[in-house]
Amino acid sequence: MCPHRLVLEHVTSRWGVLVLDALLDRAYRFSELRRNIGSVAKVSEKMLAQTLQTLERDGFVHRDAKPVIPPRVDYSLTPLGREAAERVRALAHWTGLRMEAVQEAREAYDRTKAEAVQLTEAAAL
């Protein structure tokens, strides 16, 4: 797989989009971020941790572990991550604006497919 396609996959993954969007507003502790994302979709600790680690490795997320008791870890966007998050948010916003057109296209496609199946079945009789 091309390296740029892999990065695109990380940024546009189900959890990648939600993490980038949330962190665009402010830094979060892990549990806060999980609650924030949980208001949209339930994410397991494991998936969130993996997503954050992947985005950190790609240079989008900064992990700030403070040497205190209890441990405190904050996640924020790097400049590169902010740039990516702004684009992801714009795409998500555009999707929301154009969902009606997408739904109409889906329904038209499904009608055409159903009609083609009916014609095929009728011709087979």
Side-chain angles (χ1 to χ4, degrees):
M1 183 180 280
C2 293
H4 70 276
R5 292 195 66 175
L6 189 56
V7 171
L8 185 60
E9 185 178 304
H10 295 164
V11 169
T12 61
S13 71
R14 178 180 186 182
W15 306 118
V17 167
L18 295 176
V19 165
L20 291 171
D21 185 57
L23 291 176
L24 190 54
D25 294 329
R26 68 178 183 90
Y28 281 95
R29 293 178 72 176
F30 184 89
S31 57
E32 291 178 309
L33 184 58
R34 186 166 181 227
R35 278 192 301 276
N36 179 285
I37 291 172
S39 67
V40 178
K42 187 168 171 83
V43 60
S44 69
E45 284 189 26
K46 180 181 177 184
M47 272 317 306
L48 181 55
Q50 286 177 349
T51 300
L52 286 165
Q53 193 171 44
T54 298
L55 294 173
E56 182 184 6
R57 183 172 184 254
D58 288 342
F60 299 128
V61 170
H62 173 71
R63 181 180 185 273
D64 183 20
K66 302 205 184 325
V68 295
I69 298 176
R72 179 184 172 111
V73 179
D74 294 314
Y75 294 92
S76 61
L77 292 175
T78 64
L80 185 64
R82 179 161 296 284
E83 190 178 335
E86 288 168 351
R87 283 158 175 74
V88 166
R89 184 176 278 178
L91 180 59
H93 179 72
W94 174 85
T95 303
L97 291 174
R98 302 302 292 159
M99 197 59 220
E100 187 176 327
V102 170
Q103 191 59 38
E104 289 171 4
R106 287 176 175 173
E107 290 168 3
Y109 177 88
D110 292 345
R111 277 191 306 276
T112 302
K113 281 295 200 185
E115 291 168 4
V117 167
Q118 288 175 349
L119 289 174
T120 302
E121 289 173 352
L125 295 177

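We number each residue from 1, following the sequence as shown. The analysis underlying the following values was restricted to heavy atoms, covering all of them including side chains, and did not include hydrogens, waters or symmetry mates.
Residues passing the side-chain contact (heavy atoms from CB on, under 4.5 Å) test with Val17 are Val88, sequence neighbours excluded. Not counting sequence neighbours, the partners of Val73 by the side-chain contact (heavy atoms from CB on, under 4.5 Å) test are Arg63, Ala65, Tyr75. Here Glu100 pairs with nothing under the salt bridge (charged side-chain N to carboxylate O under 4.0 Å, His left out) rule; sequence neighbours left out. For Thr120, there are no side-chain contact (heavy atoms from CB on, under 4.5 Å) partners at least two apart in sequence or on another chain. Taking Gln103 as the reference, Glu107 meet the side chain to side chain donor-acceptor pair (under 3.5 Å) condition, with sequence neighbours excluded. For Lys66, the side chain to side chain donor-acceptor pair (under 3.5 Å) criterion is met by Asp64, not counting sequence neighbours. Evaluation of the side-chain contact (heavy atoms from CB on, under 4.5 Å) rule for Ser13 yields no partner, not counting sequence neighbours.
For the pair Ala85 and Leu77, the tightest heavy-atom approach, listed with the atom from each and the gap, is CB-CD1, 3.7 Å. Trp15 approaches Met47 most closely through the heavy-atom pair CD1-CE, 3.7 Å.
Put simply, Leu80 and Leu8 are part of two different groups of oily side chains (I, L, V, M, F, W, Y) that touch within less than 4.5 Å, one to the next.
Sorted by first and then second residue, the salt bridge (Lys or Arg N to Asp or Glu O under 4.0 Å) pairs involving residues 75-88 (not counting sequence neighbours) form an empty list. Counting only residues at least two apart or in different chains, side chain to side chain donor-acceptor pair (under 3.5 Å) contacts with residues 48-59 comprise His10-Asp58.
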Below 3.5 Å, can you tabulate the donor-acceptor pairs from side chains in residues 21-32 to any protein atom, sequence neighbours excluded?
{"unit_1": "Asp21", "atom_1": "OD1", "unit_2": "Arg89", "atom_2": "NE", "d": "2.5"}
{"unit_1": "Asp21", "atom_1": "OD1", "unit_2": "Arg89", "atom_2": "NH2", "d": "3.1"}
{"unit_1": "Asp25", "atom_1": "OD1", "unit_2": "Arg89", "atom_2": "NH1", "d": "3.3"}
{"unit_1": "Asp25", "atom_1": "OD1", "unit_2": "Arg89", "atom_2": "NH2", "d": "2.9"}
{"unit_1": "Asp25", "atom_1": "OD2", "unit_2": "Arg89", "atom_2": "NH2", "d": "3.3"}
{"unit_1": "Tyr28", "atom_1": "OH", "unit_2": "Asn36", "atom_2": "ND2", "d": "2.9"}
{"unit_1": "Glu32", "atom_1": "OE1", "unit_2": "Arg29", "atom_2": "N", "d": "2.9"}

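Think of Met99 as one node in a network of Ile, Leu, Val, Met, Phe, Trp and Tyr side chains linked at under 4.5 Å; its network also takes in Val102. Taking Ile, Leu, Val, Met, Phe, Trp and Tyr as hydrophobic and joining them when side-chain heavy atoms fall under 4.5 Å apart, one finds Trp94 in a cluster with Leu91.
Annotation: side chain of Val43 is not in contact with side chain of Leu18 (no heavy-atom distance under 4.5 Å).
How far CG of Leu6 is from CD of Glu9: 6.0 Å, rounded to the nearest 0.5 Å.
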